[in-house]
Amino acid sequence: ITVDLMPACPRPSNLVVDSIASDMVALSWTENGEATSWTVVYGVDNDSMSVTANTNEGFEITDLAANTGYWVKIYPNCSEPGEPFEGSFRTACGELILPYSDNFDNDEVNVMVPCWTVLSENSTYPVKVNTSSSYTSFTANYLHINAPATIATPKTPIALNQVEMSFDYTMESSTNINTFYIGYATSLNSDIVYVDTVMAPAGYDFTNRPAVNFNYSFADCGVEEPAYIIFMRQGSSNYLLAFDNFVMNEIPECIRPQDLAYASVGGTSIDVSWSDLGGAGLFDLAYGRVNDIESDSTQRVSVSDTAYTIT
């Protein structure tokens with residue numbers, strides 16, 4: 001037990017965040033001396049700003065960055081220098097700006113990504129940002145998703161039918177490989193509509209677990225309002241699906257084809273087909289030898305259908 005004289009300028013206490021938005025915060029604190037104004041210093045990492053507060057109730061700091069962690073120090077303004085009360089806060093998530101991307105490398109490890117929502121998760125292995133491990137070929141941070149789990153991205157800033165996305169993934173095991181679903185919901189309390197399934201490609205190497213890129217366009221979803229993109233990892237196993245390099249963007253005016261498929265593979269010919277999501281009606285089909293892409297050997301042909309036989 002230590003008994004000492006109260007300092008002439010005691011530091012404040014009980015810092016409270018009264019309200020917070022994507023670009024502002026309102027703070028209150030308890031004054032333990034006779035100060036009637038305070039110097040509020042706040043910042044991110046080593047960058048700081050200073051303002052004078054003439055009230056300790058609901059003092060607002062504005063012009064902040066969305067989804068950003070700030071430190072803050074409250075100094076009482078007395079005739080003698082006073083010690084600060086230190087605290088921190090994180091601003092709320094603002095509206096996304098497209099293109100939006102996250103490779104999770106700057107996100108805190110062992111917690112969920114800020115501004116994303118976990119709707120359900122495996123109680124033993126929760127959804128979180130993880131660093132490289134033996135269960136995936138990713139060498140930096142990735143989103144660790146074990147079954148069963150359902151997560152939602154931040155809400156799209158434009159109508160969902162104007163949005164496309166892509167991400168990379170690896171799969172740990174051939175068990176439950178076909179149980180990662182893509183969907184959407186117009187609110188986090190509304191029914192989820194699932195539109196596609198992510199699968200391990202034929203012959204996928206479950207030993208080295210290479211990254212696979214997945215692209216999807218919501219052009220045909222019929223949703224003409226902003227929505228949440230939903231990912232569901234279903235099943236009873238704990239096998240990992242590692243998720244990385246997520247990109248959300250506005251669909252370009254000239255939409256790239258999807259669902260490229262091959263059939264009737266022969267010694268000198270192959271049938272190729274694809275989906276025309278943008279109503280282009282005319283395509284420039286380029287083909288050539290593996291590892292010799294876009295070289296002098298590349299062949300090009302104009303195609304007015306969504307199928308063609310290369311000979």
Side-chain angles (χ1 to χ4, degrees), residues 95-104 113 115-117 119 142-143 145 150-171 177-188 190-202 204 210-234 241-263 271-287 293-294 302-308:
E95 184 177 274
L96 290 186
I97 299 175
L98 299 182
Y100 165 82
S101 64
D102 198 342
N103 63 6
F104 311 111
V113 188
C115 304
W116 292 49
T117 304
L119 302 176
Y142 63 90
L143 193 58
I145 307 175
T150 305
I151 61 175
T153 68
K155 202 168 192 178
T156 62
I158 58 177
L160 183 64
N161 64 354
Q162 300 174 28
V163 170
E164 64 180 7
M165 68 161 185
S166 67
F167 58 87
D168 295 336
Y169 69 93
T170 70
M171 289 187 172
I177 62 171
N178 298 335
T179 52
F180 191 58
Y181 297 99
I182 310 299
Y184 64 85
T186 53
S187 77
L188 294 179
S190 63
D191 292 338
I192 300 172
V193 178
Y194 289 101
V195 294
D196 206 348
T197 304
V198 177
M199 302 173 61
Y204 183 74
V212 180
N213 182 255
F214 182 86
N215 297 274
Y216 190 83
S217 170
F218 290 92
D220 291 337
C221 72
V223 179
E224 298 181 351
E225 61 179 302
Y228 299 90
I229 298 174
I230 308 294
F231 300 103
M232 180 177 68
R233 181 80 166 113
Q234 194 179 50
L241 185 141
F243 181 100
D244 203 359
N245 300 320
F246 177 77
V247 177
M248 181 194 302
N249 208 347
E250 185 174 4
I251 297 172
E253 292 184 6
C254 188
I255 304 172
R256 66 181 175 183
Q258 288 192 2
D259 306 322
L260 181 64
Y262 309 95
D271 292 341
V272 295
S273 62
W274 56 90
S275 297
D276 178 12
L277 298 182
L282 184 65
F283 304 90
D284 180 24
L285 177 65
Y287 59 94
I293 298 175
E294 298 296 335
S302 181
V303 181
S304 58
D305 197 355
T306 56
Y308 186 77

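If you're wondering where the values come from, they're calculated on a predicted model, not measured in any experiment.
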[X] side-chain N/O to [Y] backbone N/O, donor-acceptor pair under 3.5 Å:
X: Lys155; Y: Ser187; answer: no
X: Thr153; Y: Ile229; answer: yes
X: Tyr228; Y: Thr117; answer: no
X: Thr156; Y: Ala227; answer: yes
X: Tyr204; Y: Pro210; answer: yes

Side-chain contact test, heavy atoms from C-beta onward, threshold under 4.5 Å: evaluate it for [X] versus [Y] and give yes or no.
X: Thr197; Y: Tyr181; value: yes
X: Val212; Y: Pro201; value: yes
X: Tyr194; Y: Tyr184; value: no
X: Ser101; Y: Asn245; value: no
X: Ile151; Y: Leu119; value: no
X: Ile182; Y: Ile230; value: no

**Asked** What do the steps show when you test Asp168 against Asn213 for side chain to side chain donor-acceptor pair (under 3.5 Å), and what is the final call?
**Response** CA-CA 4 Å; Asp168 295 336; Asn213 182 255; 2.8 Å; yes
[X] and [Y]: which non-hydrogen atoms are nearest, and at how many Å?
X: Asp305; Y: Phe283; result: O-CD1, 3.4 Å
X: Phe218; Y: Leu160; result: CB-O, 3.2 Å
X: Tyr142; Y: Ala242; result: CD1-CB, 3.5 Å
X: Ala200; Y: Met171; result: CB-SD, 3.7 Å
X: Glu164; Y: Ile251; result: N-CG1, 3.7 Å
X: Pro154; Y: Cys115; result: CG-O, 3.3 Å

**Request:** Quick one: which residue pairs count as a salt bridge (Lys or Arg N to Asp or Glu O under 4.0 Å) with a foot in residues 277-287, not counting sequence neighbours?
**Result:** Asp284-Arg300
**Passing candidate, ring-ring contact (aromatic ring centres under 6.0 Å, His included) with Phe167, options Phe214, Tyr100, Phe246** = Phe214
**Message:** ring-ring contact (aromatic ring centres under 6.0 Å, His included) for Phe243 and Phe231? Distances and angles first, verdict last.
**Reply:** CA-CA 10 Å; Phe243 181 100; Phe231 300 103; 5.0 Å; yes
**Item:** Ile97 CD1: over 12 foreign heavy atoms closer than 6.0 Å
**Value:** no
**Message:** Working to the nearest 0.5 angstrom, can you tell me the gap between Asp196 CG and Gln258 CD?
**Reply:** 8.5 Å
**Request:** Please list, chain by chain and in numerical order, all residues satisfying salt bridge (charged side-chain N to carboxylate O under 4.0 Å, His left out) with Asp220, sequence neighbours excluded.
**Result:** none
